[in-house]
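A short write-up of the structure that comes next.
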Amino acid sequence: MSMEEWIVIGGGQSGLAAAHAVKAVGGRPVVLEAGERPTGSWAGYYDSLTLFSPARYCSLPGLAFGGDPDRYPTRDEVVDYLAGYADHLDVDIRTGHRVEKVVAADGGFEATLADRTLTARRVIAATGGFGAPYRPALPGLDTFTGSVVHAAEYRDPVPYRDKRIVVVGAGNSAVQIAVELARVARVTLASRKPVRFASQRPAGRDLHWWLKVTGVDAAPIGRWLPEQFSTPVLDTGVYRSAFESGHPDRRAMFTNLDATTVTWSDGTREPLDAIILATGYRPGLSYLESTAALDPDGYPQHRAGISTTHRGLGYVGLEWQRTLSSATLRGVGRDARYVVRRLRG
Ligand code: FAD
């Protein structure tokens, strides 16, 4: 069996950016993508999703995101952009190739797929920071007989018309989904901490312009910043005014659920139809479980994307991998370049 120089696992923006970086140093990456298209998770995000950054800050290295640079692109525009990027890359992308297991072997790695095993000197795990929807253990959730859906499965408000709904979470997805649903249903956003808003356009400029000119976007701050502050919800004013109008309303986390009712912290109870868990994600790296690469909680042990347990193993696309923008379209290319150079030695 011949050994590849580079295997990249995942064909979303992180895998494509990694493949671009490998090619830039003269390598020939093999990209293994479980799905049918090299466009990552974008097609599965909810229908109304528009990006929080303008198009001028949504490009991967080597191909500009076309059209008006000041518009906020839609989900489907990103899918089209990534499909075009994959074509333009001109590397070996194998769709329908899910990696089941990776183990260290003979100066490299063995990647097991359903019907074959590939070996490589270096592996980049680029399956992203959002591969595994996180479902917290909420009091009484297992007894609730209404609908319980993670934001990763939410598509549009149609099934929720006239229902009583609780959206759990305080981040961008929680707020966007709660405000969208509140147009057709009675919605409460329940969270442990209050929602923190940040202006999308401070002093008349998009926030991403400020992040870029101040250097904050690319500063290698690792996990320091998120440990001090929760990520704010970017808002042009639409979300804040929706909450001010009470549609949706915001409450402290509920204290209990039973089969059909929710109990709030002031002791009031009411019937409930559905819960939407906008409670975040964890990296989807189960294929590394049989190695020591992950800690007991399933997080990779790494420094700035370079595995601290396995020489030749790197990560691209983890949240806060190196910077504020590590897990975004605008930041992933920078990290990919760094990881590839470090792995090359
Ligand atoms: P993914 O898009 O998840 O791609 C990972 C790929 O790996 C998938 O194609 C999957 O099929 C494949 N894969 C997984 N396991 C395996 C395996 N075992 N073998 C082979 N292949 C595998 N970022 C922005 O820049 N702007 C935004 O506005 C923005 N909005 C977001 C909104 C939401 C709701 C979420 C969740 C994220 C958002 N992000 C945004 C963050 C980020 O850009 C996206 O999550 C993006 O999809 C991450 O790309 P990725 O390639 O790292 O991971």
Side-chain angles (χ1 to χ4, degrees), residues 7-19 30-60 65 72-75 77-79 81-83 85-86 93-102 111-114 118 123-134 150-155 169 171-177 200 206-208 211 217 231 233-234 276 278-289 305 315-321 324-333 335-336:
I7 280 182
V8 176
I9 306 176
Q13 69 200 35
S14 299
L16 298 178
V30 174
V31 179
L32 303 174
E33 163 55 44
E36 292 311 313
R37 296 185 76 197
T39 53
S41 298
W42 284 98
Y45 296 155
Y46 46 93
D47 292 353
S48 63
L49 181 75
T50 47
L51 299 204
F52 47 67
S53 47
R56 71 170 76 245
Y57 304 113
C58 293
S59 305
L60 297 177
F65 203 108
Y72 295 89
T74 63
R75 174 198 73 178
E77 285 182 85
V78 181
V79 173
Y81 170 74
L82 291 178
Y85 190 84
I93 299 176
R94 303 181 191 173
T95 55
H97 281 57
R98 174 175 294 281
V99 175
E100 291 174 352
K101 190 166 150 186
V102 171
T112 308
L113 287 75
L118 301 176
V123 166
I124 298 181
T127 41
F130 307 98
Y134 175 63
H150 191 276
E153 297 144 353
Y154 170 81
R155 291 289 165 273
N172 281 283
S173 295
V175 168
Q176 286 169 11
I177 292 171
Q200 178 84 54
D206 185 88
L207 180 67
H208 296 87
L211 293 174
D217 214 30
T231 311
V233 174
L234 297 187
I276 295 179
T279 42
Y281 298 80
R282 299 287 183 268
L285 293 166
S286 54
Y287 50 87
L288 286 170
E289 259 163 16
Y315 303 91
V316 175
L318 300 173
E319 258 193 307
W320 301 100
Q321 180 165 315
L324 167 70
S325 55
S326 280
T328 67
L329 283 159
R330 68 186 190 280
V332 72
D335 283 11

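Any value given below was found using the heavy atoms of this structure, including those in side chains, with hydrogens, waters and symmetry copies removed. Order of appearance sets the numbers: ligands from 1, and atoms from 1 within every ligand. Along the sequence shown, residues are numbered consecutively beginning with 1.
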### Message
Using a 3.5 Å cut-off on N or O atoms only, is Ser41 in polar contact with ligand 1?
### Response
yes
### Task
Write out all pairs satisfying salt bridge (charged side-chain N to carboxylate O under 4.0 Å, His left out) with one or both partners inside residues 40-53, taking only residues at least two apart or from two chains.
Asp47-Arg75
#### Entry: Minimum-distance protein heavy atom relative to atom 40 (C) of ligand 1
Trp42 CH2, 3.5 Å
### Message
Can you tell me how far apart CG (Leu329) and CH2 (Trp42) are? Round to the nearest 0.5 Å.
### Response
5.0 Å
### Query
Are any of the N/O atoms in Tyr45 less than 3.5 Å from those in ligand 1?
yes
#### Entry: Interatomic spacing from OG1 in Thr127 to CG in Leu288 - rounded to 0.5 Å
7.5 Å
### Query
Quick check: does any side chain N or O of Ser325 sit under 3.5 Å from a backbone N or O of Asp217, one acting as donor and the other as acceptor?
yes
#### Entry: Any side-chain heavy-atom pair of Arg330 and Leu51 under 4.5 Å
no
#### Entry: ligand 1 atoms in contact with Phe130 (distance to a heavy atom under 4.0 Å)
41 (C), 42 (C), 45 (O)
### Query
So is Gln13 polar-close to ligand 1, meaning N/O to N/O under 3.5 Å?
yes
### Task
Look only at interatomic distance and state if Leu49 has a nitrogen or oxygen under 3.5 Å from any nitrogen or oxygen of ligand 1.
no
### Query
Going by the atom numbers of ligand 1, which of them fall below 4.0 Å from some non-hydrogen atom of Ser173?
34 (C)
### Query
When only distance counts, is Ile9 in polar contact with ligand 1, meaning an N/O pair under 3.5 Å?
no
### Query
Is Glu100 touching ligand 1 with its side chain, its backbone, both, or neither, if touching means heavy atoms under 4.0 Å apart?
neither
### Message
Tell me whether Glu33 reaches ligand 1 (any heavy atom closer than 4.0 angstrom to a ligand atom).
### Response
yes
### Task
May I ask whether Tyr281 places a heavy atom under 4.0 Å from ligand 1?
yes
### Task
Give yes if a backbone or side-chain nitrogen or oxygen of Val99 is under 3.5 Å from a nitrogen or oxygen of ligand 1, and no if not.
yes
### Query
Taking only heavy atoms of Leu32, which atoms of ligand 1 are found under 4.0 Å from at least one of them?
20 (C), 21 (N)
### Identity and distance of the protein heavy atom lying nearest atom 4 (O) of ligand 1
Gly40 CA, 3.5 Å
### Message
Please list the nearest protein heavy atom to atom 21 (N) of ligand 1 with its residue and the distance rounded to 0.1 Å.
### Response
Ala34 N, 3.0 Å
### Protein heavy atom at shortest distance from atom 52 (O) of ligand 1
Ser14 OG, 2.5 Å
### Contact (N/O only, under 3.5 Å) between Gly129 and ligand 1
no
#### Entry: Gap separating the CG atom of Asp206 from the NE2 atom of His208, nearest 0.5 angstrom
6.0 Å
### Task
With heavy atoms of Gly12 as the reference, note each atom of ligand 1 found under 4.0 Å away.
4 (O), 6 (C), 51 (O)
### Task
Tell me which protein heavy atom sits closest to atom 24 (C) of ligand 1, plus the residue, atom name and distance to 0.1 Å.
Phe52 CZ, 3.7 Å
### Task
Considering the heavy atoms of Tyr287, write down every atom of ligand 1 situated less than 4.0 Å from one of them.
18 (N)
### Task
Between Ala327 and ligand 1, find which residue part has any heavy-atom pair under 4.0 Å and reply side chain, backbone, both or neither.
backbone
### Query
Checking Gln176 side chain against Ser173 main chain: does a donor-acceptor pair fall under 3.5 Å?
no
### Query
Can you find a pair of side-chain heavy atoms, one from Arg98 and one from Tyr287, that are under 4.5 Å apart?
no
### Task
Compare all side-chain heavy atoms of Tyr81 with those of Leu60 and state whether any distance is below 4.5 angstrom.
yes
### Query
Closest non-hydrogen protein atom to atom 5 (C) of ligand 1, residue and atom name please, with distance?
Thr127 O, 3.6 Å
### Message
How long is the straight-line distance from CG of Leu16 back to CD of Glu33, given to the nearest 0.5 Å?
### Response
8.5 Å
### Query
Mind checking whether Val102 and Ile7 have side chains closer than 4.5 Å, heavy atoms only?
no
### Task
Provide the number and element of each atom of ligand 1 under 4.0 Å from a heavy atom of Gly10.
7 (O), 12 (C), 21 (N)
### Query
Numbering the atoms of ligand 1 from 1, which are under 4.0 Å from a heavy atom of Leu51?
27 (C), 28 (O)
### Query
Judging by distance only, is a nitrogen or oxygen of Leu329 under 3.5 angstrom from one on ligand 1?
yes
